[in-house]
Participant: 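Take a look at the following structure, please.
Order of the sequence lines fixes the chain letters, A, B, ..., with proteins taken first and strands second; residue numbering starts at 1 for each chain.
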Protein chains: 2
Amino acid sequence: MQKATADKSDPIAAQLAPVGRETVQDRVYSELRRALIGGLFEPSQVLTIRGLADALMTSTMPVREALGRLITEKALEALPNRSVRVPPITLERMDDLLRARILIEGEAIALAATRMTSRQIATIESMLGEWDEMRALKQKKDVDREVTLNQAFHFEIYRACGSAVLIPMIESLWLQSGPCIRVAIYAFSDAGEVDTAHYHRTIVKAMAAQDAKEARDALVADISRPFTFLRSKLEAEAKKGISA
Amino acid sequence: MQKATADKSDPIAAQLAPVGRETVQDRVYSELRRALIGGLFEPSQVLTIRGLADALMTSTMPVREALGRLITEKALEALPNRSVRVPPITLERMDDLLRARILIEGEAIALAATRMTSRQIATIESMLGEWDEMRALKQKKDVDREVTLNQAFHFEIYRACGSAVLIPMIESLWLQSGPCIRVAIYAFSDAGEVDTAHYHRTIVKAMAAQDAKEARDALVADISRPFTFLRSKLEAEAKKGISA
DNA sequence: TTATTTGATTTGTGATCACACTTGCATTGA
DNA sequence: TCAATGCAAGTGTGATCACAAATCAAATAA
């Protein structure tokens with residue numbers, strides 16, 4: 001029908017952009033999302049529409065829509081000045097985020113534990129090797145790759161939980177805790193060893209055994225670590241910097 | 001200049017809208033949000049930007065931003081046609097939503113159980129009276145008022161949980177389950193008695209006793225009811241309407 | 001009659017413009 | 001010297017326009 005005519009009249013153009021031509025607005029949204037999860041923006045940093053539009057080489061229109069969406073996800077914050085910024089880190093907010101993540105991601109991994117196929121388990125198992133590989137040449141602390149790999153590992157599991165409701169909520173939580181995590185990972189690198197691989201190994205073992213409770217506990221230990229670390233760091237700073 | 005002259009020439013107008021002039025976009029967003037939670041849109045209904053702009057007496061600009069925000073909250077659905085619609089009801093989605101609501105709202109009420117002030121408990125207790133009052137003159141089934149009152153009751157409790165992370169998630173869940181709930185309440189009204197007040201009374205009793213476990217159980221019973229009812233209704237329809 | 005094509009209308013998307021408000025800086029006054 | 005006023009640049013918001021894609025309808029051909 002209409003599709004047939006389009007195919008007949010211009011099959012080549014249809015081939016070039018066959019399925020879902022992505023809109024500029026989606027591209028901008030994904031870009032900002034990735035930057036936020038990766039912690040490329042600093043907490044309390046203010047973002048301007050025109051500034052981002054220039055940086056992303058587009059007009060203001062897609063940017064303002066993307067910012068609006070990120071604000072509703074609480075990934076950004078709308079100030080009364082009508083300007084938007086990355087939410088600042090506070091101890092209360094960190095505890096709040098961690099509690100929500102334990103609750104929801106814990107539920108997701110428990111669901112996934114009984115649903116993951118051996119194919120999917122093999123996938124996350126293969127990801128463990130990349131940590132060792134990265135540790136081998138760790139003269140350069142590649143924080144970006146750490147963040148990316150960690151994200152891929154977790155969401156490969158969460159996707160298996162089979163809940164179209166929980167997964168977007170987890171994405172929103174990662175978006176909100178992104179800036180904190182980046183700060184924590186930097187602090188980690190200074191402090192000592194990055195033993196993410198160990199925690200992930202424990203998770204994989206539990207998933208392979210289809211042990212939901214064990215998997216949940218291992219996950220809680222994994223995601224709590226950067227938060228508790230950053231918490232002690234912030235408390236120490238607050239103690240010595242009360243004057244500020 | 002333009003501002004100074006405006007302020008000097010018309011200080012009274014400045015008084016009338018002094019503090020937070022709300023943007024049109026926020027008004028549109030709130031409006032659509034209320035309509036969705038209240039179930040004023042039917043599942044699978046498609047919404048057009050220009051149509052809503054006309055209905056809300058504004059241009060397309062605020063509407064498209066509001067729609068974008070609602071899509072990221074999964075309150076609306078973006079079709080590959082680039083048109084948006086209210087997500088259709090499926091059994092899988094209903095179960096998914098109910099599980100998430102039990103998980104998150106259950107946690108919120110458990111937190112609130114230990115934090116509610118006697119002032120807040122008095123508030124929700126006073127809300128019980130409104131149910132009786134409404135039942136007294138229930139010749140006309142006022143679904144809108146039921147929805148509003150139910151929402152006010154629950155969120156008065158959730159607000160007390162003290163989590164700036166959980167509450168937006170609960171709002172998102174209500175947004176997503178709004179269309180289902182409306183259908184369920186209509187079915188309720190046909191089927192028989194609306195005994196929401198009984199469930200709410202049990203909740204208030206648990207909150208007054210600061211019994212987190214009891215409160216969670218009572219809440220689960222309350223929010224599960226419309227879902228299980230609608231579920232059986234949908235299953236019956238699916239059984240007899242396989243041909244369709 | 002039915003299927004196909006073609007043209008008109010509708011719709012989303014992106015860009016641009018106009019306006020109001022905020023912010024920051026410089027000039028002016030005490 | 002310091003505070004206050006006034007001006008200018010910057011920013012968000014809303015409206016409008018231009019364009020491409022989709023949808024619908026009528027007309028035509030098989």
Participant: Return the set of residues passing side-chain hydrogen bond (donor to acceptor under 3.5 Å, both in side chains) with A:E31 (not counting sequence neighbours), or none when no residue passes.
Facilitator: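 So A:E31 forms no side-chain hydrogen bond (donor to acceptor under 3.5 Å, both in side chains) with any residue.
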Participant: Check salt bridge (charged side-chain N to carboxylate O under 4.0 Å, His left out) between A:R93 and all other residues, then give those that pass, not counting sequence neighbours.
Facilitator: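 Salt bridge (charged side-chain N to carboxylate O under 4.0 Å, His left out) check on A:R93 returns nothing, list empty.
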Participant: Would you list the pairs meeting salt bridge (charged side-chain N to carboxylate O under 4.0 Å, His left out) in which at least one residue belongs to residues 153-163 of chain B, sequence neighbours left out?
Facilitator: B:E156-B:R159
Participant: Does A:R99 have any side-chain hydrogen bond (donor to acceptor under 3.5 Å, both in side chains) partners at least two apart in sequence or in another chain, and if so, which?
Facilitator: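 A:R99 satisfies side-chain hydrogen bond (donor to acceptor under 3.5 Å, both in side chains) with A:D96 only.
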Participant: Among all residues two or more places apart in sequence or in another chain, which pass the side-chain hydrogen bond (donor to acceptor under 3.5 Å, both in side chains) test with B:S83?
Facilitator: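 Partners of B:S83 by the side-chain hydrogen bond (donor to acceptor under 3.5 Å, both in side chains) criterion come out as none, since no residue qualifies.
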Participant: Nucleotides 8-12 of chain C: which of its N/O atoms have a protein N/O under 3.5 Å away?
Facilitator:
from   : atom 1 : to    : atom 2 : distance (Å)
C:dG12 : OP1    : B:I49 : N      : 3.2
C:dG12 : OP2    : B:I49 : N      : 3.1
C:dG12 : N7     : B:R50 : NH1    : 2.8
C:dG12 : O6     : B:R50 : NH2    : 3.4

Participant: Any residue in residues 55-62 of chain A with a heavy atom nearer than 4.0 angstrom to DNA chain C? Just list them by number, or reply none.
Facilitator: A:T58, A:S59, A:T60, A:M61, A:P62
Participant: A:Y158: which residues meet the ring-ring contact (aromatic ring centres under 6.0 Å, His included) condition with it, sequence neighbours left out?
Facilitator: A:H154, A:F155
Participant: Could you tell me whether the side chain of B:R64 has a donor or acceptor atom within less than 3.5 Å of a complementary atom in the base of D:dG14?
Facilitator: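 Per atom types, no contact qualifies.
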Participant: Over how many whole Å does the gap from B:L79 atom CG to D:dA21 atom C1' extend?
Facilitator: 15 Å
Participant: Rounded to whole Å, how long is the line connecting atom CD of B:E65 with atom P of D:dG14?
Facilitator: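 It works out to 7 Å between those atoms.
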Participant: Looking at residues at least two apart in the chain, or sitting in another chain, which of them share a side-chain contact (heavy atoms from CB on, under 4.5 Å) with B:S224?
Facilitator: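 Applying side-chain contact (heavy atoms from CB on, under 4.5 Å) to B:S224 gives B:L98, B:I102, B:V220.
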Participant: When you measure from every atom of DNA chain C, which of residues 68-76 of chain A have a heavy atom less than 4.0 Å away?
Facilitator: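 Nucleic-acid contacts, sorted: none.
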Participant: Please tabulate, for the side chains in residues 53-65 of chain B, all donor-acceptor contacts under 3.5 angstrom to protein atoms that are two or more places apart in sequence or on a different chain.
Facilitator:
from  : atom 1 : to    : atom 2 : distance (Å)
B:S59 : OG     : B:M61 : N      : 3.3
B:R64 : NE     : A:E65 : OE2    : 3.2
B:E65 : OE2    : A:R64 : NE     : 3.1

Participant: In this structure, how many angstroms lie between the P atom of D:dG12 and the CG atom of A:D54, rounded?
Facilitator: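 Taking atom P of D:dG12 as the reference, CG of A:D54 is at 12 Å.
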Participant: Can you name the one residue among A:S177, A:P226, A:C180 that meets side chain to side chain contact (heavy atoms under 4.5 Å, CB included) with A:M94?
Facilitator: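 So the option named by the test is A:C180.
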Participant: With sequence neighbours left out, what residues match B:R231 under side-chain hydrogen bond (donor to acceptor under 3.5 Å, both in side chains)?
Facilitator: B:D95, B:E235
